[in-house]
Every structure is written in C-alpha cells, then in structure tokens.
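Each remark here refers to the structure printed beneath this line.
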Amino acid sequence: MNLNILIMNGYGLYVWSAFIFTFLVCLILFLKTKKSLNKVEKDFHEEVKKLSAEQVKTLKKRKISKEILNPQVKIK
Amino acid sequence: MFNFLNIGNFFVLLNKVSKSIKIIFVPVIIISLVFALYLSPKDYIQGDTVRIMYVHVPSSWIALGCFSSISFLIILNFIFKIKNALIIFKSLAPIGLSFCLISIVTGSIWGQPTWGTFWAWDARLTSMLVLLFFYLLIIFSYKFIKDQNFSSKICAVISVFGLINLFIVKYSVDFWSTLHQPASVNIFGETSVHKSMLLPLSFMLLGFLLYCALIFLMKYRTEIIRMKKKGLKRL
C-alpha cells in the first residue's frame with residue numbers, strides 16, 4: 001500500500017485533520033437536521049391523528065399539507 | 001412579482017429537486033475526494049498542504065455567499081414582509097455558520113505549516129471571525145427574541161453591519177498587508193490557479209453546494225411543518 005497518501009511528505013497530519021474536521025462538521029449538521037425533521041414530522045402526524053375525518057379531508061385539500069402527509073415524499 | 005417566493009409553489013418545487021440532488025451528491029463527493037487527496041498535483045512551494053485548499057476555499061465561498069443571501073432575504077422580509085424569505089434565511093443560517101467555522105478551522109490548520117502559526121490577527125482572519133459572530137447573532141436573534149417584528153428589525157440591523165463586514169472580508173487582502181494571500185480565483189479577472197487544481201476545486205465546490213442544498217431542503221421542510229403544525233389548531 002502506498003503510505004505516502006497518508007503521510008503526504010510529512011504534511012499528512014495537517015491535510016487529514018482539515019478534511020476530517022470538515023466532514024465531521026458536515027456529518028453533525030446532517031444528523032442534527034435529520035433528527036429535528038424526523039421529530040417535527042412525527043409530531044405533525046400525531047397531531048393529524050387527533051383530528052376528525054372532516055378536518056383531515058380539509059387538510060388534504062391544501063397543497064403543502066398534502067405534500068407533508070404524502071409518505072413517498074421524504075427528504076432524508 | 002414574488003410568485004416564486006410563494007410558499008406552496010416553492011415547497012412543491014423543492015421536493016421535486018431533492019431526489020435528483022440525492023442521486024448526484026454521493027458520486028460527486030467521491031470523485032472530488034479522489035481528485036483532492038490523490039490525483040491533483042502538489043504545489044511546488046507548499047507541497048501537499050495545498051490540498052487543504054480543496055475544503056478551505058469552497059467553505060469560505062459558501063460562508064460568504066450564504067451571508068449575502070441571508071442579508072438580502074432579511075432586508076426583503078423587513079421591507080415587504082415576505083414570510084417565505086424568513087423561512088429561507090432561517091434554513092440557510094446554520095449552513096452558513098457551519099461553513100464559516102470550517103473555513104476558519106481549516107485555514108488555521110493550513111496556516112501552521114505555511115505561516116508557522118495557527119492564528120494571526122490579520123485583517124482577513126479577523127474579519128472572517130467577525131463574520132462567524134454575525135452568523136451567531138442572527139441565529140440567536142430569531143431563536144431567542146419571541147416578538148417577530150422586533151426580531152426582524154434586529155436581524156436587519158445585524159445584516160447591514162454584516163454586509164459591511166463582507167466587504168471588508170473581500171477586500172482585506174487588497175487594502176492591508178496581510179499574511180493571507182490575495183484572491184487566486186477571479187470570475188471576471190485572471191485566475192492564477194492551474195487547471196489541474198481548478199478542476200478538483202470546482203468538483204469539491206459542486207459537492208459542497210449539493211450538500212448545502214440537501215441540508216437546506218431538510219431545514220426548509222422542518223420550518224414549514226412547524227408552521228403548519230401551529231395552523232392545525234385553527235382547522
């Protein structure tokens with residue numbers, strides 16, 4: 001295995017730590033965002049379950065609510 | 001005039017593009033990492049440390065771009081009271097903050113082998129740090145100030161000062177003698193970066209932009225659902 005990709009002529013520590021930090025921050029932001037989206041979606045569905053059939057029918061007529069309630073549309 | 005900013009249209013449109021983004025994102029990131037860490041040449045003076053550029057430079061551009069967009073949207077919301085502008089800037093702010101932090105930390109890591117220090121209080125570095133504080137101020141303003149009118153006024157004031165700081169960030173390397181080098185990539189002028197480095201840089205920028213789009217879509221969806229949840233009580 002070519003070890004120079006890790007060592008990078010003595011600069012590996014700097015290069016790898018910069019890349020790892022970048023991807024760690026991106027991963028944390030992604031997981032945090034995903035977690036809050038899941039929580040909000042779950043809460044929304046629970047609130048909808050409490051509504052009467054008539055209210056759900058009215059809700060589904062609305063463009064955005066219809067998109068949110070559509071299980072196939074999930075940005076995750 | 002602002003039909004595109006209509007929440008319903010915007011929400012449906014964003015849901016449609018999200019699928020394509022997810023398909024492109026992973027291959028683009030893999031290709032850009034292979035280019036950045038393996039295929040791209042090392043610099044004749046800086047050696048392999050130049051590879052840090054592939055994460056530092058796109059992060060800085062995104063941090064600056066996000067702040068410009070946020071300021072524009074805050075001012076738009078302040079003048080025309082467009083609710084969607086408010087939701088968009090709330091979704092963009094954490095992305096900008098993260099990339100601003102990445103830019104400062106990776107720049108600092110790059111500084112040690114090239115300048116011999118992790119930090120210097122020069123104009124570019126300090127103005128980027130100030131930008132990070134502006135991001136924090138905006139986020140804290142809309143999170144902790146409950147009165148929306150007052151919060152949007154505060155955000156508008158912060159964004160005006162933030163825009164002045166953006167100008168300082170951009171021209172700090174020209175106005176003052178700084179450790180930080182002047183801009184190497186110019187859209188309208190001459191670019192001093194060789195094509196063999198410009199290509200991985202462009203790929204990484206594309207990868208980061210796709211990531212930003214993905215996070216933005218998730219944040220935007222979260223904000224919309226929160227808003228709609230409040231509206232359920234009125235049904």
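Proteins get letters first, then strands, A, B, ... in listed order; numbering begins at 1 in each.
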inquiry  = Using side-chain heavy atoms (C-beta onward) and a distance below 4.5 Å, is Leu37(A) in contact with Ile225(B)?
reply    = yes

key: Heavy-atom side-chain contact between Leu101(B) and Phe21(A) under 4.5 Å   = yes

ask   = Which one, Val50(B), Ile29(B), Thr49(B), Ile224(B), leads in non-hydrogen pairs under 4.5 Å with chain A?
value = Thr49(B)

request  = Would you give the length of the straight line joining atom CD of Gln112(B) to atom OH of Tyr14(A), rounded to the nearest 0.5 angstrom?
outcome  = 4.5 Å

ask   = Out of curiosity, Lys219(B) NZ to Thr33(A) OG1, how far, rounded to the nearest 0.5 Å?
value = 4.0 Å

Identify the two heavy atoms, one from [X] and one from [Y], that lie closest to each other, and give their separation to 0.1 Å.
X: Tyr11(A); Y: Asp48(B); answer: CD1-N, 4.0 Å
X: Arg51(B); Y: Phe19(A); answer: O-CE1, 3.4 Å
X: Ala18(A); Y: Thr106(B); answer: O-CG2, 3.7 Å
X: Ser17(A); Y: Ile109(B); answer: OG-CG2, 3.8 Å
X: Lys229(B); Y: Glu47(A); answer: CE-CG, 3.9 Å

message = Tell me which of these, Ile28(A), Val15(A), Leu13(A), Leu29(A), has more heavy-atom pairs under 4.5 Å with chain B than the rest.
response = Leu29(A)

note = Scored by heavy-atom pairs under 4.5 Å with chain B, the best of Val48(A), Leu24(A), Asp43(A), Thr22(A) is Thr22(A)

ask   = What do the steps show when you test Thr222(B) against Glu41(A) for side-chain contact (heavy atoms from CB on, under 4.5 Å), and what is the final call?
value = CA-CA 8 Å; Thr222(B) 309; Glu41(A) 273 183 337; over 6 Å; no

Contact class of Ile21(B) relative to chain A, heavy atoms under 4.5 angstrom = neither

Structural part of Met53(B) lying under 4.5 Å from a heavy atom of chain A = neither

ask   = When you look at NZ of Lys143(B), are more than 12 heavy atoms from neighbouring residues, nucleotides or ligands closer to it than 6.0 Å?
value = no

ask   = For the side chain of Tyr211(B) and the backbone of Cys26(A), is there at least one donor-acceptor N/O pair under 3.5 Å apart?
value = yes

